Every structure is written in C-alpha cells, then in structure tokens.
Amino acid sequence: MLTGAAALAAGSCAQRTPVPALHPNVVIILADDLGYGDLGCYGARNVETPNVNRLAEQGVRLTQAYAASSVSTPSRYSLLTGHYAWRRPDTDIAVGDAGMIIRPEQYTIADLFANEGYATGAFGKWHLGLGEKGGEQDWNAPLPCGLADIGFQESYIMAATGDRVPCVFIENGRVSQYDPSAPIEVSYREPFDGEPLAKDHPELLYNLQSTPGIGHNQAIVNGIGRIGYMKGGGKALWKDENIADSITAHALNFIEKHKDEPFFVYLATNDIHVPRFPHERFRGRSGMGLRGDAIAEFDWTVGAVMDKLEQLGLTENTLLIVTSDNGPVLEDGYQDQARELLNGHSPSGTIRGNKYGVYEAGTRVPAIVRWPARVAAGSESEALVSHIDLFASFTRLLGADLPRGMAPDSRDGLDAWLGQDPVGRQYVVEQANNRTLSVRTSRWKFVEPSDGPEEYRWAPGSELGYRPYPQLFDLVEDPREQRNVAEGHPDTVRELETILATERTNGQSSDN
Ligand code: NG6
Ligand code: CA
C-alpha cells in the first residue's frame, strides 16, 4: 500500500470525487483518560485494539497531537469553543450540577457545522455543565439551557462523569427514561435524609469499592460510590455496565437517521474513565483487569461506528477522528487494581506523565484521522497539532467564516491534521489541573513554575510535576523529560516564557 506523499502523488484524490469533498461527515470519538500508550497502534501491550488499529491502517496516525489540558472540562471546553479554558476562571473540573459553562452566546464547533447545514449530535460524557445556574437545576423538568443552545440539535449525554451524580442520561435536555415515581434530587452540598452513603456503607458497594477517605464515597448508585449526593432516579438510573452500549446505540441511530445529509457527531465515550465497569462481554479481554477491559470496550465502540459507516456506504467521505481528552491515570478513586494488573503495559507509552500533570503524557494523546477521500491510508505524521485547532481547521474545510472574536485561539491546522503538512504548529500550549501552563516547540518543553502537591491522594503514583521553579526539557535529546536544563538555557527559557506571556495578553482582547 502506498503511504503518505506517495499515495497523494498517485492522484488518488483527483480520481475519486463523486462525493462533495468539502462537506464530509465529521465524527469525533473522544475517549476519556485514554493514554498515549493505551492503543495497540501506539504500542500497547496486553490489550488488543483491533478496530482502532484498523482505523490507523486506513488513515493517518499522529504522534504529536495534544489535548489543551490534562483534565477533562478544560480540555473539552477548548476543543468545542476554540478558546483556551485558562482564559476563564470557571472551566476547571466541573461538579455534576454545574451550570452551562459554554454560554449560548458563544459560537461552538457544533454551531459551525449546524450553520453549514449539518445535522449535529453529541453523545456520551459531557462534563461542561447544564442548565442556567449551578446547583439549582430541576432534574425533573426540561432543563432551561442545554446543548441545543450551543449548536447540538440532538444529544444523549451524561451530565458530568461516570463518577459524579446525577447518574442518569440527559436526552435532548431532559432526563432520559424519566421515572415519575422517583423524582430526582441532586446536591453537592449536603446528603439527603435516608439515603445511605458509600462512606458509611461499604457493604452496599457490590460492584466496586471506592478508595477510602476520598471523594467517591457519597451517593451509591448501582453498587458504586459517587461524588455528590443524589436521591431518586428509579428506572432512569444508568447501569455502568451498559453505558457504552447505550451511548454507542444513540450515536449509531443518529448516523443512520442522517445518512442522507452531512452530519457532525461528537461521541465522547465514558471509557476509560472511572468507575471502570465494562460490560461482561469485555471482562477478561485484556488480562489487565477493569482498566484494560474498558480499553477493549472503547475499541468496540470505535468498531461499531466504523461498521455503521461502512454499512451505509459512508466510509469514503466521513472524516473520523479518534482521540482522547487527556492522559492516563491508574487508580483514580476506586479500587480497581489498575496498577497491580498492568503486567508491563505502559499507559503513557514511552513518554513521561499522566492525567492532571504537566508532563507530556498529560496532554499528548493518541490521534488518528481517517478520511479515505483525502487522507493517505497507513500514514504517520509527527506534525505538532492541538485540539484547539480543530475548530478553525473545520472552518476552513467547510469554506466557512468565523464570526468576529469567536474561537479566538483556534488556528487553521487542517493540513497537519490530515497528515499533509509534516510540521504543524510552531508551538503548543498545554494546561495542567492547577492551571500551570507549558509550551512545547519542536525541540523544547517549558513548564512555568507553580505550587502544588507532589501527587493527589486519590491518584497515588501519578506525577503532577508542579515545581516552584521553571522546568525546561530538550525533547530531542531527552524525550522522557528526565533532565531539567532550564539553568543552562536562560535564553530559551526567556523565549518560551515570552510565548506564554504573549498568549496570555492576546487573550485579554479576545476573551468571550
Ligand atoms: C477528580 C476526581 C477524579 C476524577 C477527576 C475528573 C476526586 C477525589 N477525584 O476531582 O476521580 O473524577 O476529578 O476527571 O474527586 S476528568 O477526566 O473528568 O477530568
Ligand atoms: Ca478525562
């Protein structure tokens, strides 16, 4: 098979244009906490990911692709708005009853597609708030402010994360399968009378035990402790083992329903976030316990989307991206033996770091792009790309215009995302959980000084990398970020500090 430039030179693009090439369907499958080394095609051991591997064989595998942050809410906010989350104070990891973080007046990536005549749908983990105001939603009625206000015509989502209440799906702005016999109450402030809490009743945690003494010990749903308090829900409560099936089924229905018009799908899986509790049919698939089996379940979702596209004859003109919101973590609040069962597997691959932290694996994520009409099959690219640029890249793809001041941080990187520009960005800005910013160029990675703990108690063994002094790594000589060479390279430190300072100042005029 021809790869890269060879395939393009062979003129494959020119020969196949029966489809409107500038209006492909676009599907983003965004994994949760899937590490740089967690897929077979990125070197994973002990878990097979045949579907994602096949996708890579049919598209481009990017090896230097970045999420905007090493945690979910800011990462997703940035991807969907093209606005760096750190420009706003209210974009850190959201509680389950946060109000809508993306405001209706913001122009989102979904608005872009909708304005271009696409059908737009969001499925899976949301974690960007719902309703007008945090803590005051009435979960028993249609929510007054939701995804329909920011461009998603259809949605079937988890309000926040698997480990946060409310543990129900929200379908087009209201609780799916609502059970009137069990009205829903949610609080992140105080427990409800008569509702047993995980911290007092470990015997009720029949599916997973929380790590003692941390946040996942409040409401109990489906035999699993959660963050936050909740009452009611009845038949609407999800069963963790069915979440992947449920999300995937809704996404596939949407694709089927809109097969005759262009569509944009944002499919954000619950896998492989905690609580990891994959369906029985994936149990034992990885030999790494629940975390590995959740990777197998993620791979199944990807395969199901690929099969659906194929069955509908849509493979050729669908741009399908598989990537992750942030890097990997092992234990993250539940006793699922993620570390003990690794058996030689490295979730971060050959690079350093993890979710939450400043090092590379916090934000450098797997990213595979398949679009047979345009992207060379089986290619690889080292171009520097960031999720922040998907917005402007799609804008160019569609030949659309961005309203003034919208997606202010997004730059057109379409050619790099499609594997046709081998260089990509000059630098990428990365945000850690405590808002420390880093910047990396083709050679250097600079981490600004910050205060913070060595590790979080609930994620033992993960490295945060917060230091009160500047850190500089030469990624060419030292790809694993082992030697801080800041002292020996004051000019480089200054140059990279200036990039961050300029980025910060730029934002002051374009904040939205
Ligand atoms: C942390 C949670 C962690 C996880 C994370 C969000 C505690 C003690 N820890 O606050 O378990 O839920 O938030 O993960 O509550 S993320 O991938 O959605 O960013
Ligand atoms: Ca995440």
Side-chain angles (χ1 to χ4, degrees), residues 28-36 38 66-80 85-86 91-98 101 124-129 157-165 167 188 197-199 208-219 221 224-229 240 243 266-277 290-291 294-295 298 323-336 338 347-348 353-357 361-366 387 430-435 452-453 455-462 464:
I28 299 179
I29 302 182
L30 186 66
D32 198 350
D33 297 358
L34 184 77
Y36 188 69
D38 274 330
Y66 289 80
S69 167
S70 58
V71 287
S72 155
T73 303
S75 168
R76 290 157 198 260
Y77 173 86
S78 304
L79 187 159
L80 293 173
W86 44 264
T91 53
D92 294 331
I93 297 176
V95 287
D97 64 351
I101 295 174
K125 170 171 169 174
W126 183 237
H127 209 191
L128 286 163
I157 54 163
M158 305 161 77
T161 59
D163 56 356
R164 286 172 175 75
V165 302
C167 299
Y188 275 74
L197 299 183
K199 69 179 167 58
L208 265 186
Q209 290 289 330
S210 325
T211 307
I214 54 112
H216 304 69
N217 59 7
Q218 300 174 333
V221 177
I224 298 177
R226 316 282 167 166
I227 307 172
Y229 305 105
D240 300 73
I243 290 177
Y266 172 72
L267 169 50
T269 65
N270 171 55
D271 292 316
I272 61 166
H273 198 276
V274 295
R276 302 172 186 122
F277 203 71
L290 294 167
R291 185 175 185 279
I295 297 175
F298 172 76
T323 186
S324 178
D325 71 333
N326 55 252
V329 62
L330 294 168
E331 185 175 335
D332 200 14
Y334 296 92
Q335 296 178 306
D336 61 7
S348 53
N354 41 258
K355 173 176 177 175
Y356 303 115
T363 46
R364 201 196 295 179
V365 286
H387 289 172
E430 311 162 50
Q431 173 190 348
N433 190 36
N434 75 343
R435 296 187 156 243
E455 67 174 25
Y456 294 136
R457 260 187 332 122
W458 70 87
S462 52
L464 297 173

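In what follows, every heavy atom counts, from backbone to side chain, and hydrogens, waters and symmetry copies are set aside. The structure presented is a predicted model; accordingly, all values stated were derived computationally and were not measured. Numbering of ligands and ligand atoms starts at 1, following listing order.
Protein heavy atom nearest atom 12 (O) of ligand 1, with residue, atom name and distance: Asp163 OD2, 2.7 Å. Of all protein heavy atoms, the one lying nearest to atom 18 (O) of ligand 1 is Lys125 NZ, 2.8 Å. Ranking the protein heavy atoms by distance from atom 7 (C) of ligand 1 puts His216 CE1, 3.6 Å first. Shortest contact from atom 14 (O) of ligand 1 to any protein heavy atom: Lys355 NZ, 2.8 Å. Shortest contact from atom 10 (O) of ligand 1 to any protein heavy atom: Arg164 NH2, 3.5 Å. Counting protein heavy atoms only, atom 5 (C) of ligand 1 is closest to Tyr356 OH, 3.4 Å. For atom 19 (O) of ligand 1, the closest non-hydrogen atom of the protein is Ser72 N, 2.8 Å. Atom 15 (O) of ligand 1 has its closest protein heavy atom at Ile227 CD1, 3.3 Å.
In this structure, Ser78 contributes its side chain and Ala85 its backbone to a donor-acceptor pair below 3.5 Å.
Side-chain contact between Gln431 and Asp92 is present, with heavy atoms from C-beta onward closer than 4.5 Å. Side-chain contact between Asp325 and Asp33: present, with at least one pair of heavy atoms (C-beta onward) separated by less than 4.5 Å. At least one side-chain heavy atom of Leu34 sits less than 4.5 Å from a side-chain heavy atom of Pro366. Considering only heavy atoms from C-beta on, Leu290 comes within 4.5 Å of Leu208 through its side chain.
For ligand 1 and Asp33, the ligand atoms under 4.0 Å from any heavy atom of the residue are 17 (O).
Counting only N and O atoms by type, the side chains of Ser72 and His127 include a donor and acceptor under 3.5 Å apart. Donor-acceptor pairing under 3.5 Å is recorded for the side chains of Thr91 and Arg435.
Between Asp332 and Arg291, none of the side-chain N atoms (NZ, or NE/NH1/NH2) sits under 4.0 Å from a carboxylate O, so this pair counts as no salt bridge.
Distances from the Ca ion (ligand 2) show that Asn326 has an N/O/S atom below 3.0 Å.
Closest approach between the Ca ion (ligand 2) and any N/O/S atom of Asp32 involves OD1. Taking the Ca ion (ligand 2) as reference, Asp33 places its N/O/S atom OD1 nearest. For Asp325, the N, O or S atom with the smallest separation from the Ca ion (ligand 2) is OD2.
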